[in-house]
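The block underneath contains the structure these notes are about, expressed in structure tokens.
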Amino acid sequence: MLKIFKRERPPQPVAVEPAAVEELPSADDASRALAATSVDAAEDHAPSMSSQVVADATSKAPVAAPVNAPPSQAATTADKISDFLKSSTSADFDPLTGIMGLDQARDALRALRRLEPRSAVFVVSPRTSAHTEVLRTLLAEEAGALPRRDAVAVVARFEGSGGLDVLRMPQAEAAALSEGVAATITMLSATIPAAFESDSYRVARIALDEELRSGHDGALDALRRKAQAQNIGLLRTTNGYAVVPMHDGRVVRGEIYGALPGSLKSDVEAKLAQFEAELADVLKQRALLQQDHHRRAKELERDAASLAVDAAMGPMLGRYPDRPDVVSWLATLRSDLIANAMLFVAAAREANGTQRAPVEIALDPRFQRYRVNVLSRGGRGQAGLELPETLDRAELLGVLQNSAPGIICPDGVIPGSLTHPGGGMVVVDVRDLMANYGSWPLIKHALKSARAAPLAVGEGGVQRAAALDLPVEVRLVVTGEPDEYASWCRLDPDVARLLRVISAFPPHLAATAAAERTVARHLAGFVRDDGLLPFDGPALAAVIGALKSKRDDHWMISADLDAARDLMAAASTEAASAGRVMVLTDDVAEARRSRPLLAAAMSGTSP
């Protein structure tokens, strides 16, 4: 997490050449090319070093060829003494401390700034604790130098089949939107119940209900009086209304009705049929009146709710004139709030009828879908560095949690390492990827797909893809040693296609005079820091010679100086035992002879 800076695009961004994709390096080619990478001396490194150490992994050389000196300057045997060592001692060199090649590694890793989001690199570095700590520090610097991309605001979709949507916008705008919507819900929790309790709304609703009642009852009463004048009655039943014959204000019983003369019975049946038809018309009219009443009641509710919603959302509506997606979503939010205004009225009272505070209403689970979940990485404009603890689907791609069975709300979206918006870097050890090989297909899909990566729903072995995609904007950094890269290439040829390679701390350096001078300065630092006897030039050359080994017909120097430090301590002890005040080549030779495992560790060979 470092300070804000403005991103600058280099004139030649790193890109995969289409022709190179078709011709992949073999795993052995990859291993040899990585092992051959070298770093110049700290005092001689060129500013363009970073452009030399990055190469597309799909070319014949996953890492650029070593920056070797001309053959006349390179050592040809392990025992050859460079001219600058012949008449020197360890006291003649300005001591260097720390990791060898730190400046060159910093230059090499600056190439990460030229990589676009959704890209991956393999960074070569030894597995010593010192190298691991320094590498993470350098990667954190590069991650902090990357500009933070727009945040993602996860919102509910109020139209169509529902679900969730994402809005891309700067962090500040997304935070303002989230706060504005939350303030709107809190305000509506007070103003909507108050609007429906107001005298103006109550009077209008009472008048509307009375109009329905008078219209229906008046038509039914008129039909009842008309029927009674012709000895026909309208009776209310459990299923509605019934038309029956009457005599002297009483219903004619069935046996009496059956005994009526034929002509009289025909006359009564005609009247019954007539009034049944008229009753059906009245009931049909009543249904139309009820529909009209329902429509007008909804309009009355909508008018009351609209006034409250517009007053609450007013400050927000004018903030995003250049964001049509946000304006469109706010319009759907307004419509949904108005349509569901009665939820605020229902939530205003507890089950026992007591009034609830607006803040309590706003926290009601029924209003969770109105929340805006802002997802972003880093702070103060930085993208940030992330080291995932696990490599399962939920950790890598994120998870979508239900707030209740079958209910998905914005707050349930938890992004993963790869899908956390804002860019940045995700650093993974290649051994973790190879040990959790089921995670690599997920990462490949996220890097290769033009679509965003789907979140996970569920836990453990039942995790499945969710119906929400988040963009992949990170740069994936896989760390490891050359042999591990070669093994990974053997397991999956896609590795060479997808990952570029940066040699931050190569395990071996080309045995040039510049490299030997840098090593000599580090050895001088060991003499000073460990309180050793001074070394003469040939003794320093002997230690450097112990670090050399021949690889693919080239002499290389091991970049791991820990064993050399131990050898120098042993040689100093040998010199002191012999009564000398300076370490000579004989002391180095005796230390190597008496400690074969230490000597083998220095050159990377078997004793």
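The figures here come from the full heavy-atom set of this structure, side chains too, leaving out hydrogens, waters and symmetry mates. Being a predicted model, the structure only gives us computed values, none of them experimental.
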- Modelled atom types, side-chain donor and acceptor of Asp336 and Tyr370, under 3.5 Å: yes
- Item | Taking every non-hydrogen atom, the tightest pair across Ser119 and Arg500 | CB-NH1, 4.0 Å
- Message: For Ile502 versus Leu109, what's the shortest heavy-atom pair and its separation?
- Response: CG2-CD2, 4.1 Å
- Taking all atoms of both residues into account, what is the closest heavy-atom pair of Leu433 and Ser439, and its distance? CD2-OG, 3.8 Å
- Message: Checking side-chain contact (heavy atoms from CB on, under 4.5 Å) between Val372 and each of Leu333, Val155, Val154, which is the one that passes?
- Response: Val155
- Note on the structure: Looking only at heavy atoms, the pair that brings Leu188 and Ala308 closest together is CD2-O, 3.5 Å
- Donor-acceptor side-chain pairing of Trp440 and Asp492 below 3.5 angstrom: yes
- How about Thr332 and Glu159: does a side-chain donor come under 3.5 Å of a side-chain acceptor? no
- Item | Shortest non-hydrogen separation from Ser178 to Val374 and the atoms involved | CB-CG2, 3.7 Å
- Sidechain N-carboxylate O distance under 4.0 Å for Asp429, Arg127: yes
- Query: Is the number of heavy atoms from other residues, nucleotides or ligands within 6.0 Å of CZ (Arg205) greater than 12?
  - Reply: yes
- Query: Run the side chain to side chain contact (heavy atoms under 4.5 Å, CB included) check on Lys444 and Leu498 step by step: do they pass?
  - Reply: CA-CA 8 Å; Lys444 282 201 300 184; Leu498 290 176; 3.7 Å; yes
- Message: Does Glu299 have more than 12 heavy atoms from other residues, nucleotides or ligands lying within 6.0 Å of its CD?
- Response: yes
- Query: Hey, mind stepping through Phe196 and Phe344 against ring pair (Phe, Tyr, Trp, His ring centres under 6.0 Å) and telling me if it holds?
  - Reply: CA-CA 10 Å; Phe196 285 93; Phe344 290 89; 10.0 Å; no
- Item | Under 3.5 Å: donor-acceptor pair, side chain of His420, backbone of Ser376 | yes
- Item | Shortest non-hydrogen contact between Pro117 and Arg475, atoms and distance | CD-NH2, 3.7 Å
